[in-house]
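Heads up: the structure comes next, in structure tokens.
Bear in mind the structure is a predicted one, so any value in this text is a computation, not a measurement. Below, chains carry the letters A, B, ... as their sequence lines are ordered, and counting in each starts from 1.
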Number of protein chains: 2
Amino acid sequence: MNNVRFATSLHILTLLHLSGEELLSSDHIAGSVNINPAIIRKEISSLREHNLVGTREGKGGGTYLNKAAGEIRLSQVYEAVIQSPLLGRSNTPNPKCPVGRQINGVIEKLYTEAEKAMITSLDKITLEDFAKDFK
Amino acid sequence: MNNVRFATSLHILTLLHLSGEELLSSDHIAGSVNINPAIIRKEISSLREHNLVGTREGKGGGTYLNKAAGEIRLSQVYEAVIQSPLLGRSNTPNPKCPVGRQINGVIEKLYTEAEKAMITSLDKITLEDFAKDFK
DNA sequence: TTGTACTGTAATAAAAATAATTACAGAATG
DNA sequence: CATTCTGTAATTATTTTTATTACAGTACAA
């Protein structure tokens with residue numbers, strides 16, 4: 001996962017949490033994250049698909065947390081954002097070689113285990129916990 | 001880490017392990033992984049810096065495991081290969097925003113924890129264990 | 001009922017990361 | 001000293017990721 005999406009989503013969610021009831025516009029969020037509002041809206045789109053946030057369109061619209069911060073686990077944020085295997089891609093090895101033929105299966109099993117360990121650690125942390133580190 | 005390096009290194013090490021005492025050339029390995037020999041040599045270079053393998057130059061040369069497969073933990077392979085944060089990069093947020101100002105620190109702490117959980121799971125598996133899945 | 005301020009989304013372009021290729025000097029062998 | 005390897009750098013190509021632009025659609029509120 002060599003991108004910035006997880007960090008961006010955490011940033012968005014933190015802002016929403018700390019802003020209480022107030023809806024935040026993508027422009028406002030973009031100003032804090034320091035990236036383009038269209039990217040923020042796209043990211044929010046993923047978060048919304050995972051029911052972590054809701055949005056209201058039109059004038060005065062914006063985004064809000066769809067559940068209490070204590071109910072949002074960082075593992076859910078990870079799930080909303082992940083698109084490629086945590087530990088990287090695979091090769092397309094030579095099927096004529098016994099190792100080449102089997103390695104992707106073996107690697108996938110390994111990666112699944114390792115990712116699970118990571119997700120378990122994220123699962124213990126809620127957005128509320130995360131936000132407590134901001135003074 | 002959206003690249004293929006971990007998979008490549010695992011492949012290399014598995015071949016070396018299963019080939020016993022025999023030195024393997026980068027050409028031979030490249031044939032099984034199905035990538036360019038120069039990339040294999042570069043990858044081997046990292047593994048060698050981490051003392052996982054040794055190489056002999058010149059005619060008849062090649063690469064060999066530098067320790068017993070049971071002594072090589074997959075966490076070490078990960079360390080040899082990792083170059084960017086497991087969970088992705090950070091933004092360069094707006095320092096005028098309280099959240100923007102602090103978030104990279106908070107994220108780093110989180111990422112470190114999550115990565116540690118993942119590494120712990122890799123640490124339990126040796127190359128020997130890994131290779132047992134090949135029939 | 002119309003102007004304004006939002007979102008959603010797609011299309012495109014730009015930048016960055018990754019992988020592949022090529023080349024060649026140097027090492028060890030026989 | 002020809003051959004077969006490695007090490008490494010330079011270059012190019014490819015893929016991924018991010019940024020930009022544009023505009024239709026929604027909702028509010030005057």
Side-chain angles (χ1 to χ4, degrees), chain A residues 1-9 11-12 15-16 19 22-31 33-50 52-64 66 81-94, chain B residues 1-9 11-12 15-16 19 22-31 33-50 52-64 66 81-94:
Chain A
M1 181 158 77
N2 196 4
N3 61 37
V4 86
R5 291 188 57 208
F6 193 29
T8 302
S9 278
H11 196 142
I12 293 169
L15 288 174
L16 294 177
S19 73
E22 192 186 357
L23 300 201
L24 297 185
S25 73
S26 61
D27 257 18
H28 176 105
I29 297 173
V33 180
N34 192 28
I35 63 177
N36 195 287
I39 298 179
I40 296 289
R41 293 201 286 273
K42 205 164 151 198
E43 203 55 51
I44 283 175
S45 195
S46 300
L47 295 172
R48 190 175 46 239
E49 278 169 18
H50 286 74
L52 301 178
V53 304
T55 65
R56 215 167 65 206
E57 296 187 17
K59 187 172 181 181
T63 302
Y64 52 90
N66 205 28
V81 147
I82 182 70
Q83 54 190 359
S84 59
L86 183 64
L87 287 171
R89 306 200 288 277
S90 299
N91 290 292
T92 51
N94 184 349
Chain B
M1 180 158 77
N2 195 4
N3 62 36
V4 88
R5 292 188 56 209
F6 193 28
T8 302
S9 278
H11 197 142
I12 293 169
L15 289 173
L16 293 177
S19 74
E22 192 186 356
L23 299 202
L24 298 185
S25 73
S26 60
D27 258 18
H28 177 105
I29 297 172
V33 180
N34 193 28
I35 62 177
N36 195 287
I39 299 179
I40 297 290
R41 294 202 285 274
K42 205 164 151 196
E43 202 56 49
I44 283 174
S45 195
S46 301
L47 296 173
R48 189 174 46 240
E49 279 169 16
H50 287 74
L52 300 178
V53 304
T55 65
R56 217 167 64 204
E57 295 188 16
K59 188 173 181 182
T63 303
Y64 52 90
N66 204 30
V81 147
I82 181 70
Q83 54 191 357
S84 58
L86 181 66
L87 288 172
R89 305 199 289 278
S90 298
N91 290 291
T92 50
N94 184 349

TODO: Take the protein atom CZ of A:Arg48 and the nucleotide atom P of C:dT7, then report the distance between them rounded to whole Å.
DONE: 10 Å
Open item on the list: OP1 or OP2 of D:dT8 versus the side-chain N and O atoms of B:Ser45: is any pair under 4.0 Å?
Closed with: yes
- [ ] For A:Asn34, check side-chain contact (heavy atoms from CB on, under 4.5 Å) against everything at least two apart and list the hits.
- [x] B:Thr92
Open item on the list: Between B:Asn94 (side chain only) and A:Gly31 (backbone N and O only), is there a donor and an acceptor less than 3.5 Å apart?
Closed with: yes
Task: All side-chain contact (heavy atoms from CB on, under 4.5 Å) counterparts of A:Ser45, not counting sequence neighbours - done: A:Arg48, A:Glu49
TODO: List the protein contact pattern of nucleotides 18-30 of chain C with one symbol per nucleotide (5' to 3'): B for base contact, S for sugar-phosphate-only contact, - for none; contact means a heavy-atom distance under 4.0 Å.
DONE: SSBBBB---BBB-
Open item on the list: For a quick test of reading the model: is some side-chain N or O of A:Thr63 closer than 4.0 Å to OP1 or OP2 of C:dT7?
Closed with: no
- [ ] Give the rounded distance in Å between these two atoms: CG of A:Asp27 and P of C:dT4.
- [x] 17 Å
Task: Separation of atom CD in B:Glu22 from atom P in D:dC5, rounded to whole Å - done: 12 Å
Task: By side-chain contact (heavy atoms from CB on, under 4.5 Å) - contacts of B:Asn36 (at least two apart) - done: B:Ala38, B:Ile39
Task: Counterpart residues, salt bridge (Lys or Arg N to Asp or Glu O under 4.0 Å), relative to A:Arg41 (two or more places apart) - done: none
- [ ] Return the value, rounded to whole Å, for the distance between atom CG of B:Leu47 and atom P of D:dG7.
- [x] 11 Å
Open item on the list: What is the distance, to the nearest angstrom, from the CD1 atom on B:Ile40 to the C1' atom on D:dT6?
Closed with: 13 Å
Task: Whole-Å gap separating C1' (C:dC6) and CD1 (A:Ile44) - done: 12 Å
TODO: Go through the structure and list residues passing side-chain contact (heavy atoms from CB on, under 4.5 Å) with A:Glu22, not counting sequence neighbours.
DONE: A:Ser19, A:Leu24
Open item on the list: With a cut-off of less than 4.0 Å, is there a side-chain N or O of A:Ser26 near OP1 or OP2 of C:dT7?
Closed with: yes
